[in-house]
Amino acid sequence: MMRHKGQRPIPKILHRWDENGYVAENIASGTHWLDAWLMQNNTPFARLSKATGIPVERFMAITSGDAISRAEVDALARAWSMSAGDLIASMGGRTEIVD
């Protein structure tokens, strides 16, 4: 988002997991949790890869059912301005998290 010189920065809000929210509805209808968050945050794979350091190929592997590392969870949470705990809650036990 663009702002003019001298204007205060736009505050970054913390996204929260809501079991009755839009992301939860998408996940319940069969959308993979990663795809649901990508749509919610309007984040293309290339931009997310640059922000997190996670290669695009890993996103494809995760949406295909591969496990995710705790470091990847933390990086995604930072990129989307949310807590890692909320991101893990949205997974609903469908993805294995490895340390």
Side-chain angles (χ1 to χ4, degrees):
M1 179 172 271
M2 197 167 105
R3 61 186 184 90
H4 296 281
K5 182 178 178 179
Q7 284 185 329
R8 283 186 253 143
I10 299 167
K12 277 233 181 222
I13 62 164
L14 183 67
H15 295 283
R16 301 295 313 263
W17 168 245
D18 179 3
E19 292 181 4
N20 300 313
Y22 172 77
V23 175
E25 288 177 13
N26 277 338
I27 293 169
S29 70
T31 304
H32 190 274
W33 63 265
L34 181 58
D35 291 329
W37 282 111
L38 285 165
M39 289 185 288
Q40 172 69 22
N41 291 295
N42 195 26
T43 315
F45 278 141
R47 185 181 325 147
L48 188 59
S49 178
K50 187 175 181 180
T52 61
I54 301 170
V56 172
E57 296 79 18
R58 277 296 298 146
F59 298 135
M60 302 298 180
I62 293 165
T63 57
S64 295
D66 195 22
I68 187 169
S69 74
R70 182 59 196 223
E72 290 169 330
V73 169
D74 292 342
L76 288 169
R78 277 192 305 276
W80 287 328
S81 298
M82 62 187 305
S83 74
D86 279 348
L87 185 57
I88 291 169
S90 73
M91 294 177 196
R94 291 179 285 279
T95 301
E96 179 186 3
I97 301 168
V98 293
D99 286 323

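We use all heavy atoms of the structure for the numbers below, so side chains are in, but hydrogens, waters and symmetry mates are not.
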Full working for side chain to side chain contact (heavy atoms under 4.5 Å, CB included) between L76 and M82: CA-CA 8 Å; L76 288 169; M82 62 187 305; over 6 Å; no

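- When every heavy atom of T63 is checked against every heavy atom of D35, the shortest pair comes out as CG2-OD1, 3.7 Å.
- Within the structure, every pair that satisfies the side chain to side chain donor-acceptor pair (under 3.5 Å) test and touches residues 38-54, not counting sequence neighbours, is listed here: T43-W80.
- Under the 4.5 Å side-chain contact rule for hydrophobic residues, W33 and M60 share a cluster.
- D99 and R70 are not joined by a salt bridge, as no carboxylate oxygen comes within less than 4.0 angstrom of a charged side-chain nitrogen.
- You'll find the side chain of D18 stays beyond 4.5 Å of the side chain of R16, heavy atoms only.
- Residues V23 and M39 are members of separate hydrophobic clusters, defined by side-chain heavy-atom contacts under 4.5 angstrom among Ile, Leu, Val, Met, Phe, Trp and Tyr.
- Annotation: side chain to side chain donor-acceptor pair (under 3.5 Å) contacts of R94 (sequence neighbours excluded): none.
- Looking at H15, its side chain never comes within 3.5 Å of a backbone N or O of D86 through a donor-acceptor pair.
- In this pair, W17 and W37 present their aromatic rings tilted. The plane angle is within the 30 to 60° band.
- Not counting sequence neighbours, Y22 has no partner by the ring pair (Phe, Tyr, Trp, His ring centres under 6.0 Å) test.
- Rounded to the nearest 0.5 Å, atoms CG (D66) and CZ (F59) are 13.0 Å apart.
- The line from CE of M91 to NE2 of H32 is 8.5 Å long, rounded to the nearest 0.5 Å.
- Scanning both residues, A77 and S83, for their nearest heavy atoms gives CB-C, 3.9 Å.
- Distance check, rounded to the nearest 0.5 Å: CG of L38 to OG1 of T31 gives 11.0 Å.
- Here the closest non-hydrogen pair linking N26 and A36 is CB-CB, 4.1 Å.
- For the residue pair I62 and A67, the shortest heavy atom distance occurs at CG1-O, 4.2 Å.
- In this structure, OG in S64 is found 10.5 Å from CG in L34, a value given to the nearest 0.5 Å.
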